[in-house]
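Chain identifiers are assigned alphabetically (A, B, ...) following the order of the sequence lines, protein sequences preceding nucleic acid strands; residue numbering begins at 1 within each chain.
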Number of protein chains: 4
Amino acid sequence: MELVKTYELELELQRLRELRQGLEIRIKELEYAEGVITSRSERRIYRNFSDLLVEITKEEAIEHIERMRLALKREIERLRKREKEIMEELAKLRAPRS
Amino acid sequence: MELVKTYELELELQRLRELRQGLEIRIKELEYAEGVITSRSERRIYRNFSDLLVEITKEEAIEHIERMRLALKREIERLRKREKEIMEELAKLRAPRS
Amino acid sequence: MELVKTYELELELQRLRELRQGLEIRIKELEYAEGVITSRSERRIYRNFSDLLVEITKEEAIEHIERMRLALKREIERLRKREKEIMEELAKLRAPRS
Amino acid sequence: MELVKTYELELELQRLRELRQGLEIRIKELEYAEGVITSRSERRIYRNFSDLLVEITKEEAIEHIERMRLALKREIERLRKREKEIMEELAKLRAPRS
């Protein structure tokens, strides 16, 4: 029973880490985009909505990046917290019973 | 045998929920796109077809969003109905036999 | 042993079907794109290459669609053939031994 | 125990191969893009950053392709090396004990 629980927690931990790493990559990409957008003034910018791309202004893009950065950071923090909880549960399961 | 059946139904339920949530996100993105498209008149719009992006007019985009919204809502309704059926099957399997 | 074999073949069959359905959707999208591209002359078109979008002409887009259509159809045919083989193997495994 | 180890290594090998093949496709796409970009001078180019597309110059695109090509080749080399190690481990596990 404890082996199954350990296995499930390890899978969950791995899933959370992959999710978090994906969000960290998205933040880096958006920050890179911000660097490119603010480096010159004459670039067209599009935002992706499902299967449509809609042109947006530089100001709209920067506002979007700021909002996304905050939302992604909050979500990453939430995932890190959950990862920590699972690692503590795993440590307890692996500790020899006294 | 019943444990296996319960497990399979739970997996199926989870799969249906993730599918439905993905469709709900697509509707929200298309509605957001509609807001952006109709807020100003001079935005270029592209539609994604496999690996090609083709420019479309504002009117074509709005028509596409309306059609997609209807199709996605129908599909979400179908998934919700199937989820409800599975939850009823699960409730029966979990109920103590009389 | 035969149960395991049956299970593996069923998984493989499902994987092949999903792959084929994905390719069929890509053909439909490209054909839809062709309809839009040829319906008016003044649309800009981009082709997606990894993380870059490069503008292409209407002629280049139509040539790309024709080439992709042929390649996708060949691949769909190959998958169908493999699906048929697996279904025959499954029929044999499920047949009562004489 | 050895059967489980063999199975895990085979899964890992398959995962590494799929990852590597994905990277090889990305290199081919970027090289194809480079061919298209350098064949004519008047193409607009966009780079994808998460959900934003930002216009970049031909020079920026070529520089990006060169940098990506190097990074992808290094990663492919690393994966090939790890694949080779796993194949050697598998060969040992499968060899009859003397």
Step-by-step side chain to side chain contact (heavy atoms under 4.5 Å, CB included) determination, B:Ile56 to C:Arg43: CA-CA 7 Å; B:Ile56 60 174; C:Arg43 299 174 187 269; 3.8 Å; yes
Audit row: C:Asn48, B:Leu52, side chain to side chain contact (heavy atoms under 4.5 Å, CB included) steps and yes/no: CA-CA 6 Å; C:Asn48 201 337; B:Leu52 291 180; over 6 Å; no
Geometric class of the C:Tyr32/B:Phe49 ring pair [parallel <30°, tilted 30-60°, perpendicular >60°]: parallel
C:Glu29 to B:Ser50 - nearest heavy-atom pair and separation: OE1-N, 2.8 Å
Test side chain to side chain contact (heavy atoms under 4.5 Å, CB included) applied to B:Asp51 and C:His64, step by step: CA-CA 10 Å; B:Asp51 59 352; C:His64 170 65; 2.9 Å; yes
Side chain to side chain contact (heavy atoms under 4.5 Å, CB included) evaluation trace for B:Glu55 with C:Glu42: CA-CA 9 Å; B:Glu55 193 180 356; C:Glu42 294 305 322; over 6 Å; no
Neighbour count >12 (heavy atoms, 6.0 Å) for atom CG, B:Leu3: no
Proximal component of C:Leu53, with respect to chain B [non-hydrogen, under 4.5 Å]: side chain
